[in-house]
Amino acid sequence: MLKKQRIDKVLSSIGYGTRKEIKEYLKRGYITVNGEVIKQGKTHVNPYEDVIKVNDEEINYREFVYIMLNKPGGVISATYDNLHETVVDLLEDEFRVFEPFPVGRLDKDTEGLLIITNDGKLSHEVLSPKKHVPKTYYAHIDGYVRDEHVKKFKEGVYIDEDYKTLPADLRVLETGDTSKIEVTIYEGKFHQVKRMFKAIGMEVVYLKRIQMGRLKIDETLELGQYREITKEEIEILKDRD
């Protein structure tokens, strides 16, 4: 955890303005630390312990933000794109100022659980291939999904000539012309769920991620809605047991 930092850096990092704007606030005496008016941007403070106020409003400092998004289709998992709307575009300015990024990605047409944060360490822990963090999806499949397919997924399937996936847990919720299933995978290859079904001669027509590790999507979130993740949920996301 960072300790002493320049006051202008602290305030700019949480959206109180540019360094130039904050310099003007300081000049006008709008900023106090522990009751004392501060005039110099180079003044060092401890944002976790000092009482910092801007125009008599106490700031709530934090280094990281953690957001759960119910990603809608048609939006790409990126921080910026000059052609398409991104998941970061869905966030309010109060979160974008932290320069967050999606933890992994969901295909443009895939919906569901996406974590957005500026915590690189957490992102690495979740995405590291060595961790094998399980990811669960709900899907509609064009065709009859049967027990034989469950067995194939349990054995792993070849999605390339020379690559066989790790065993996956396929659960059939409803079988028919369009089957409804849940599948848990333990790696994150490009378009993996779609490619696994293609390997057994079927097509995914709808896909939604509903769980990462033990963290489940908040079902009260409508498509495109998001909320901050609680401390307990962050620990759940980190937990490998």
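FYI, side chains are in, hydrogens and waters are out, and symmetry mates aren't considered; it's all heavy atoms of this structure.
- In this structure, the ring of Tyr61 has its center less than 6.0 angstrom from the ring center of Tyr48.
- Rounding to the nearest 0.5 Å gives a distance of 9.0 Å between CZ of Arg28 and OH of Tyr25.
- Remark: side-chain polar atoms of Asp218 are paired, donor with acceptor, to backbone N or O of Thr220 under 3.5 angstrom.
- To the nearest 0.5 Å, atom CG of residue Leu26 and atom CZ of residue Arg19 are 11.0 Å apart.
- In this structure, His132 NE2 and Glu187 CD are separated by 8.0 Å, a value rounded to the nearest 0.5 Å.
- Under the 4.5 Å side-chain heavy-atom criterion for grouping Ile, Leu, Val, Met, Phe, Trp and Tyr, Phe153 is connected to Val150 within one hydrophobic cluster.
- For Asp107, the side-chain contact (heavy atoms from CB on, under 4.5 Å) partners two or more places apart in sequence, or in a different chain, are Asp109, Thr110, His191, Lys194.
- Within the 3.5 Å criterion, the main-chain N or O of Ser13 finds no donor-acceptor partner in the side chain of Lys9.
- Among residues at least two apart or in separate chains, side-chain hydrogen bond (donor to acceptor under 3.5 Å, both in side chains) pairs with a member in residues 113-122 are Tyr66-Asp119.
- A cation-pi arrangement is present between Lys189 and Tyr163 under the rule of less than 6.0 angstrom and at most 45 degrees off the ring axis.
- A salt bridge does not link Glu58 to Lys53: none of the charged nitrogens lies less than 4.0 Å from a carboxylate oxygen.
- Within 6.0 Å of the CZ atom in Phe64, the count of heavy atoms belonging to other residues, nucleotides or ligands exceeds 12.
- Rounded to the nearest 0.5 Å, atoms CZ (Arg62) and CD1 (Ile14) are 9.0 Å apart.
- For the atom pair CZ of Arg146 and OG of Ser179, the computed distance is 8.0 Å after rounding to the nearest 0.5 Å.
- In terms of the salt bridge (charged side-chain N to carboxylate O under 4.0 Å, His left out) criterion, Lys23 has no residue partners (sequence neighbours excluded).
- Tyr226 pairs by the ring pair (Phe, Tyr, Trp, His ring centres under 6.0 Å) definition with Phe95, not counting sequence neighbours.
- Using a 4.0 Å cut-off between charged side-chain N and carboxylate O, Asp93 and Arg96 make a salt bridge.
- Taking 4.5 Å as the limit, some side-chain heavy atom of Val54 sits within range of a side-chain heavy atom of Ile59.
- The environment of CG in Asp160 is crowded: more than 12 heavy-atom neighbours from other residues, nucleotides or ligands sit within 6.0 Å.
- Within 6.0 Å of the CD atom in Glu155, the count of heavy atoms belonging to other residues, nucleotides or ligands exceeds 12.
- Aromatic rings from Phe101 and Tyr80 are positioned such that their centres are separated by 6.0 Å or more.
- In summary, the side chains of Tyr30 and Asp56 do not present any donor paired with an acceptor at a separation below 3.5 Å, with no hydrogens or angles considered.
- For CD of Glu57, the number of neighbouring non-hydrogen atoms (other residues, nucleotides, ligands) closer than 6.0 Å is 12 at most.
- The ring pair (Phe, Tyr, Trp, His ring centres under 6.0 Å) search around Tyr138 returns His140, not counting sequence neighbours.
- Heavy-atom minimum distance, Leu69 versus Gln225: CD1-O, 3.4 Å.
- Salt bridge status for Arg214 with Glu233: absent, with no side-chain N to carboxylate O gap under 4.0 Å.
- For Glu94, the side-chain contact (heavy atoms from CB on, under 4.5 Å) partners two or more places apart in sequence, or in a different chain, are Glu92.
- Under the 4.5 Å side-chain criterion, counting only non-hydrogen atoms from C-beta, Val205 is not in contact with Phe197.
- A 4.5 Å side-chain heavy-atom check between Glu182 and Arg171 finds at least one atom pair inside the cut-off.
- Between Asp177 and Tyr144 there is a side-chain heavy-atom pair separated by less than 4.5 Å.
- With Ile217 as reference, Lys208 is the one residue of Glu111, Arg209, Lys208 to meet the side chain to side chain contact (heavy atoms under 4.5 Å, CB included) rule.
- In this structure, the separation between CG on Leu113 and NZ on Lys135 is 11.0 Å, given to the nearest 0.5 Å.
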